[in-house]
Amino acid sequence: PIMLKSKCVHVWSIASKTHGPQEVELVIEQNGSDRWWRMMASPVIPSEHTIQRVIVTLIEISEKKLLDTELNLARQRYAAVVETAFEGII
């Protein structure tokens with residue numbers, strides 16, 4: 001929780017300084033398993049050009065991360081088969 005808080009404060013701080021949106025992916029342990037989250041921080045800047053607030057959004061992306069890992073493994077297996085094939089594949 002302390003690491004998560006410091007990460008959130010860091011992203012909020014960058015968004016505040018740059019006056020632009022920031023995005024980061026976080027791993028949070030829940031019930032003994034790691035869950036992936038994408039955090040986006042967007043400053044709200046009205047016409048006075050000063051930041052009034054920062055909107056922070058968290059989206060769970062654990063399933064996407066799992067699918068990305070599985071896709072990378074499948075690509076590696078495919079590349080290994082193609083690279084070790086003695087005959088041409090048509």
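Reckoned from all heavy atoms, side chains included, excluding hydrogens, waters and symmetry mates.
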Chemist: Should we count CD of Glu70 as having more than 12 external heavy atoms under 6.0 Å?
Modeler: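 Yes, because the 6.0 Å sphere around CD of Glu70 holds more than 12 heavy atoms from other groups.
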
Chemist: Distance from Ile61 atom CD1 to Leu58 atom CG, nearest 0.5 Å?
Modeler: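 Answer for the CD1-CG pair, Ile61 versus Leu58, is 10.5 Å.
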
Chemist: Please report the closest heavy-atom contact between Ala15 and Ala41, naming both atoms and the distance.
Modeler: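 Result for this residue pair: CB-O, 3.8 Å.
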
Chemist: Working to the nearest 0.5 angstrom, can you tell me the gap between Asn72 CG and Leu67 CG?
Modeler: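 Here the interatomic distance stands at 11.0 Å.
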
Chemist: Ion pair present between Lys65 and Glu25, side-chain N to carboxylate O less than 4.0 angstrom?
Modeler: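 Salt bridge present between Lys65 and Glu25.
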
Chemist: Of all the heavy-atom pairs spanning Glu29 and Gly32, show the shortest one and how long it is.
Modeler: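 Result for this residue pair: OE2-CA, 3.6 Å.
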
Chemist: Looking at Pro21, is its backbone amide N or carbonyl O close enough to the side chain of Ser42 to form a donor-acceptor pair, meaning the two atoms are under 3.5 Å apart?
Modeler: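 Judged by distance alone, no pair lies under 3.5 Å.
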
Chemist: For the CH2 atom of Trp36 and the CD atom of Glu63, what is their distance to the nearest 0.5 Å?
Modeler: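 That separation rounds to 15.5 Å.
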
Chemist: Membership question, hydrophobic clusters at under 4.5 Å side-chain separation (ILVMFWY): are Ile28 and Leu66 in the same one?
Modeler: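 Looking at the clustering, Ile28 is in a separate group from Leu66.
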
Chemist: In Å and rounded to the nearest 0.5 Å, what is the CD1 to CE distance from Ile59 to Met40?
Modeler: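 Answer rounded to 0.5 Å: 3.0 Å.
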
Chemist: Are any of the side-chain heavy atoms of Arg35 and Glu60 separated by less than 4.5 Å?
Modeler: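 In contact.
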
Chemist: Under a single-linkage definition using a 4.5 Å side-chain heavy-atom cutoff for Ile, Leu, Val, Met, Phe, Trp and Tyr, are Ile14 and Trp37 assigned to the same hydrophobic cluster?
Modeler: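 No; tracing contacts between hydrophobic side chains, which count when under 4.5 Å, never links both residues.
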
